Participant: 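Pasting in a structure now, in C-alpha cells, and then I'll have a few things to ask.
Proteins get letters first, then strands, A, B, ... in listed order; numbering begins at 1 in each. What you see is a predicted model; the values in this text were computed from it and never measured.
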There are 2 protein chains.
Amino acid sequence: MDHHDAEADFEGLLRAADLRVTRPRLAVLRAVGRQPHADTGSVLAAVRTEEPTVSHQAVYDVLGVLSESGLVRRIQPAGSVARYELRVGDNHHHVVCRSCGTVADVDCAVGVRPCLHASDSHGFVIDEAEVTYWGLCPACATQKSATSN
Amino acid sequence: MDHHDAEADFEGLLRAADLRVTRPRLAVLRAVGRQPHADTGSVLAAVRTEEPTVSHQAVYDVLGVLSESGLVRRIQPAGSVARYELRVGDNHHHVVCRSCGTVADVDCAVGVRPCLHASDSHGFVIDEAEVTYWGLCPACATQKSATSN
DNA sequence: GCGGAAGACTTGACTCGTTCAAGTAAAGGG
DNA sequence: CCCTTTACTTGAACGAGTCAAGTCTTCCGC
C-alpha cells in the first residue's frame with residue numbers, strides 16, 4: 001500500500017490488459033484521469049508537464065491502444081475532435097453543449113448494456129447503444145437568455 | 001401537379017425556409033434524397049452529374065445552410081466524415097457498422113422527442129437525444145464469423 | 001542481473017476533410 | 001428592369017490525424 005491510495009493502479013491495469021508498462025502510457029492514463037473528456041491536444045500538453053519528451057505521435061498511439069483495450073473510452077461528438085475518458089464499462093452517456101462544446105457525463109437512464117434495443121435493426125448485430133444529449137450548458141444558457149433580453 | 005408526384009417539392013421547401021432557390025441547392029437536395037447518409041464528397045459527385053460546374057465550396061455552403069434551416073440533417077458518427085439525409089423531424093436514429101462504416105436508419109424506440117430524458121443533466125438545457133447504435137452490418141457480420149471458422 | 005527479440009517511441013513528412021478570403025455572378029424585391 | 005443582397009467560384013490555407021523509417025525500451029528467458 002503506497003501513498004497513492006486514491007489513484008487507480010494504472011500499472012496493474014496495463015499488465016492485466018497485456019500491455020507493456022511505459023512512462024508515456026502511465027502519463028497518458030494519469031492525464032485522462034485528471035481531465036475527463038480532454039482532447040488529444042490537451043492530453044499531450046498534460047502529459048508533457050510530467051514527461052516533456054513525449055511525442056504527439058506517441059500520444060495518438062497510446063490513446064489508440066488504450067481505447068482498443070478498453071482502458072479508456074473515446075468519444076467524438078459531431079463537430080468535435082476525439083475526446084477521452086477513464087470511466088469505462090458503466091455505459092454512461094454524455095451531454096454536449098451546442099454553444100461551447102463542453103461535455104458532461106450523464107448516467108444511463110436504463111442501466112443495462114446495451115441500454116436500448118432498436119426496433120428494426122436491418123439485420124445489424126448491435127453491441128452498443130451510444131446516447132448523446134444536445135443542448136446548452138448552464139453558462140451558455142444564461143448567456144443566451146441574457147442576450148435576448 | 002407536375003410529373004414528379006413522387007418527389008418532394010424542394011423549391012417550395014426552400015421558399016418556406018426563406019432561402020433563395022438556386023440550381024446548386026436544388027441539385028444538393030435531389031442528391032441527398034437519392035442517396036441518404038451520403039458524405040460531402042458523394043454529394044458533390046452526385047450534384048455534378050446534373051450541374052457539372054458546381055464548386056466543392058458551394059456544396060459545403062449549401063449543406064451548411066440546409067442543415068441550419070433543418071431541411072437536411074447532418075450526422076457524424078465517430079471516425080466518419082459528415083453525412084447528410086433528408087429525413088428530418090421524426091427523430092429517428094442510426095446504426096453504424098464498426099467494420100465498414102455503413103449507416104442505416106432505425107426508428108425511435110420511444111417515439112417522442114427528445115425520446116429520452118437524462119437522469120441528471122448537470123443543469124444543461126437539453127433539446128435533443130441522439131442515439132447511435134454500434135455493431136456489424138449483415139455483410140460484415142457473416143464475413144467475420146466465416147473468417148473465424 | 002544480462003542479452004536479445006518484440007514492441008514502443010521519435011522524428012518528420014504527408015493526407016484530406018473542411019474552412020477562409022476575395023472577387024464574380026445570380027436571385028428576386030421594388 | 002435595375003439594384004441590393006446573397007450565392008457561388010476560385011484558390012489558398014488549416015489542422016487533426018496518419019504513415020513510414022529508424023532508434024530506444026521493455027521484459028522474458030537464461
Participant: Please output the side-chain donor-acceptor pairs of residues 57-82 of chain B that fall under 3.5 Å, not counting sequence neighbours, one pair per line with the distance.
Facilitator:
{"from": "B:Ser67", "atom 1": "OG", "to": "B:Leu63", "atom 2": "O", "distance (Å)": "2.7"}
{"from": "B:Ser69", "atom 1": "OG", "to": "B:Val65", "atom 2": "O", "distance (Å)": "2.7"}
{"from": "B:Arg73", "atom 1": "NH1", "to": "B:His92", "atom 2": "O", "distance (Å)": "3.0"}
{"from": "B:Arg73", "atom 1": "NH2", "to": "B:His92", "atom 2": "O", "distance (Å)": "3.1"}
{"from": "B:Arg74", "atom 1": "NE", "to": "B:Tyr84", "atom 2": "OH", "distance (Å)": "3.0"}
{"from": "B:Arg74", "atom 1": "NH2", "to": "B:Tyr84", "atom 2": "OH", "distance (Å)": "3.1"}
{"from": "B:Gln76", "atom 1": "OE1", "to": "A:Gly79", "atom 2": "N", "distance (Å)": "3.3"}
{"from": "B:Ser80", "atom 1": "OG", "to": "B:Arg83", "atom 2": "NE", "distance (Å)": "3.1"}

Participant: Whole Å only: how far is the CG atom of B:Leu63 from the P atom of C:dG17?
Facilitator: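 Going from CG in B:Leu63 over to P in C:dG17 covers 14 Å.
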Participant: Between C1' on C:dT18 and CG on B:Asp39, what's the gap in Å once rounded to a whole number?
Facilitator: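 Rounded to the whole Å, the gap is 13 Å.
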Participant: Which nucleotides of nucleotides 5-15 of chain C have their base under 4.0 Å from a protein heavy atom (B), which only their sugar-phosphate (S), and which neither (-), written as one string 5' to 3'?
Facilitator: -BBSSBBB---
Participant: For residues A:Leu29 and A:Leu14, determine if any side-chain heavy atom of one lies less than 4.5 Å from a side-chain heavy atom of the other.
Facilitator: yes
Participant: Under 3.5 Å, side chain of A:Arg98 to main-chain N/O of A:Trp134, donor-acceptor pair present?
Facilitator: no
Participant: Taking the side chain as every heavy atom from C-beta outward, state whether A:Ser99 and A:Cys137 have any pair of such atoms under 4.5 Å apart.
Facilitator: no
Participant: Mind checking whether B:Arg30 and B:Leu26 have side chains closer than 4.5 Å, heavy atoms only?
Facilitator: yes
Participant: In whole angstrom, what separates A:Glu11's CD from D:dT26's P?
Facilitator: 11 Å
Participant: Mind checking whether B:Asp105 and B:His37 have side chains closer than 4.5 Å, heavy atoms only?
Facilitator: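 Yes, side chains in contact.
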Participant: Could you work out how much the helix from C:dG1-D:dC30 to C:dG30-D:dC1 bends, comparing the axis of its first five pairs with that of its last five, to 10°?
Facilitator: 40°
Participant: Send over the distance from A:Arg74 CZ to D:dA16 C1', rounded to a whole Å.
Facilitator: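 Distance check: A:Arg74 CZ to D:dA16 C1' gives 12 Å.
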Participant: Write down the distance between CD (B:Glu51) and P (D:dA7), rounded to a whole number of angstrom.
Facilitator: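 Atom CD in B:Glu51 sits about 17 Å away from atom P in D:dA7.
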Participant: Between B:Phe10 and B:Val32, is any pair of side-chain heavy atoms under 4.5 Å apart?
Facilitator: no
Participant: Hey, which sits more toward the 5' end of DNA chain C by its nearest nucleotide, B:Thr40 or B:Val21?
Facilitator: B:Thr40
Participant: Report the distance from atom CG of B:Leu66 to atom P of D:dA7, rounded to the nearest whole Å.
Facilitator: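 Roughly 11 Å, once rounded to whole Å.
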Participant: In whole Å, I'd like the distance from the OH atom of B:Tyr60 to the C1' atom of D:dA13.
Facilitator: 14 Å
Participant: Tell me the interatomic distance from B:Arg83, atom CZ, to C:dT18, atom C1', rounded to whole angstroms.
Facilitator: 16 Å
Participant: Are A:Arg25 and A:Glu51 close enough for a salt bridge, meaning some N to O gap below 4.0 Å?
Facilitator: no
Participant: Consider only side-chain N and O atoms of A:Glu130 and A:His94, and report whether a donor and an acceptor are under 3.5 Å apart.
Facilitator: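 No pair is found: no donor N or O on one side chain lies under 3.5 Å from an acceptor on the other.
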